[in-house]
Every structure is written in C-alpha cells, then in structure tokens.
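All chains are named by letter (A, B, ...) in the order of the sequence lines, taking the proteins before the strands, and each is independently numbered beginning at 1.
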There are 2 protein chains.
Amino acid sequence: MILLEVIKSLSNQTRLSILEWLKEPFAHFPAEELADYSPDLGVCVSDIAKKAGMSVPTVSVYLKTMLAANILIATRKDQWTYYKRNEQSIQELARHIKDNL
Amino acid sequence: MILLEVIKSLSNQTRLSILEWLKEPFAHFPAEELADYSPDLGVCVSDIAKKAGMSVPTVSVYLKTMLAANILIATRKDQWTYYKRNEQSIQELARHIKDNL
DNA sequence: TGCAAATTTAGGGAATTACCTAAATATCTA
DNA sequence: TAGATATTTAGGTAATTCCCTAAATTTGCA
C-alpha cells in the first residue's frame, strides 16, 4: 500500500463523500437507480455523478483515482461500470495508520 | 475531528515524512541537534527543515497546518518552537477510518 | 450495420497547493 | 539598548488539482 497515494485519493470532499455513500447505497441513492443493485457490483458511474452533482467525466476520473489507490473495486458489466468499496483496503489503511504512521 | 482537514494535512510527502521522523527522532535527526531533546517537547522547526531539505518558512507553514489539524503538538520555549506528534489524534484518525469511513 | 446509452479520454481555464526569498516579529544575551 | 538566533508572515512563481465541455471509445440492440 502506498500511503501517500491512498491519502491523496481521499483528500477531496467529493471523493470522501462518494466513499461514504457507497457504504450504504440505499441511504444515499434513489431506489429506482438501485433497482438491480447488488453488493457484488455496487453503483454505476452516472448514478454517482448525479448524486455528487458533478459531470460524469469528473466523477469517472475521481473513481479511477480511488480505484488506482485500491480503495474501490470496479466491475464492468455491459455498458456500465460499477464501483463498490474495497473494505479490505480501507481496513488495511486504518491498520497502517494505527501501527505504522 | 474534521476528517478532510486531517487527510489534507497528510496529503504531501514531506509532511508525511515529518510525521514519521518525529516518531523516532533519534533515528532521523543528528544527535547534536537532539542534545537537549525531550519527548515532551519534540524537535524544533529549523532542525526539521534541515532534515527535510527545505526552507524554514515552508516547513514552518507545514507544521502549522498539521498543528491546525491537531496531528502535532507545538510548544514554544525561549526562541524555539518544538513540535511533537499528537499520538492520541493519530490513533483517533485510525479509529475513525476503521469505524466510520 | 448503425443508433443509443454509458463511460473514458483529451484539452483547457480557474483555483489551490508547493515552496521560495524578503521582511517582520519574538526572545535571549551582552 | 543592540545584536544574534529562531520563527512567522507576506508576497510571488511554478506545479498540481479541480472540474468543465467536446470528442472518442465500448457495448447492447434493432
């Protein structure tokens, strides 16, 4: 884990919020959009962009940044890319800060 | 704790390194400079700046940023300002990421 | 094949951050 | 009080980040 990369991927309010929204999708996204939601997949880019009130390209890049830091997991299915949290990496981050920072 | 503020204060390699150096001052600063070192106080600004290879003003601002985020503790003594880690806050950060992020 | 929907990639302006030097301030000491 | 040392504040340039629109790509489907 490259700590600086992970921290940078979280050093923006929108990206931090996305991570929180994905913790409980049903609490943050309209039910229609989650019609065929699965915890395996997560939420697609355009739904996240709508929630963030930002353009799809901006959010797409944000998600890729977090994916590169291994904080999110992406799955392409048909024409959608779904993102979910990487709970293991988030716990690893907490552990790393606790023990090594 | 304002998570974003804390994360931003750590989102720079130099600031991250400073936090690590302060974990074990004797492993990272010349013994002469630590002649009257005390864990209560920590290390002074100019010693940290020298170690970082950066100007004193830059490092002074960096340290203030981390102080504002409550990740460091500052003590003014005579004409020196000493900085040490705020271990409690660092553990609180780890806990916050573990439980709330 | 060809259109439609979702996403990604490119390109660019605005805002923020990085980091410097110079100047101002604080504090000790002669 | 004057000088020396440490730090902070101010001010500026360069690099990076933010976040947009336009264009290109991917994939499903008629």
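- Between Lys51(B) and Asp47(B), none of the side-chain N atoms (NZ, or NE/NH1/NH2) sits under 4.0 Å from a carboxylate O, so this pair counts as no salt bridge.
- In this structure, Ser55(B) reaches the bases: a heavy-atom distance under 4.0 Å links it to at least one base atom across the strands shown.
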Output the pairing pattern of DNA chain C as a dot-bracket string, 5' first, Watson-Crick or G-U wobble with both distances under 3.5 Å, | for cross-strand pairs, [ ] for crossing pairs. ||||||||||||||||||||||||||||||
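- Summary of the strand contacts: Ser46(B) and Arg15(A) both lie near DNA chain D, and taking for each the nucleotide with the nearest heavy atom, the more 5' one is attributed to Ser46(B).
- Put simply, CG on Asn12(A) is 9 Å from C1' on dT17(D), counting in whole angstrom units.
- As judged by a 4.0 angstrom heavy-atom cut-off over every strand, Val56(B) is placed among the base-contacting residues.
- The closest side-chain heavy-atom distance from Arg85(A) to Ile71(A) is not below 4.5 Å.
- Taking atom CD of Gln13(B) as the reference point, atom P of dT17(D) lies 13 Å away to the nearest angstrom.
- The distance from atom CG of Leu63(B) to atom C1' of dA6(D) is 13 Å, rounded to the nearest whole Å.
- With a 4.5 Å cut-off on side-chain heavy atoms, Tyr82(A) and Arg76(A) do not count as touching.
- Using a 4.5 Å heavy-atom threshold, the side chains of Thr75(B) and Asp40(B) count as separate.
- On the nucleic acid side, DNA chain C has its first and last nucleotide under 4.0 Å of a heavy atom of chain B at dT17(C) to dC28(C), going 5' to 3'.
- For Leu10(A) and dC18(D), the CG to C1' distance is 16 Å, given to the nearest whole Å.
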Output a table of donor-acceptor pairs, distance under 3.5 Å, between side-chain atoms of residues 28-37 of chain A and any protein atom two or more places apart or on a different chain; print 'none' if there are none.
{"from": "Glu33(A)", "atom 1": "OE2", "to": "Lys50(A)", "atom 2": "NZ", "distance (Å)": "3.2"}

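- One side chain, Gln13(A) or Ser17(A), offers a donor N or O that lies under 3.5 Å from an acceptor on the other.
- Backbone-only contact: Lys8(B) has heavy atoms under 4.0 Å from sugar-phosphate atoms and none from a base.
- Residue Ser60(B) has a polar side-chain atom (N or O) positioned under 4.0 Å from OP1 or OP2 of dT8(D).
- Counting any heavy atom pair closer than 4.0 Å across all strands shown, Thr81(A) reaches sugar-phosphate atoms only and no base atom.
- The nearest whole Å value for the distance from the CG atom in Leu41(B) to the P atom in dA6(D) is 16 Å.
- Place Pro57(A) and Trp80(A) on DNA chain C by their nearest nucleotides, and Trp80(A) ends up nearer the 5' end.
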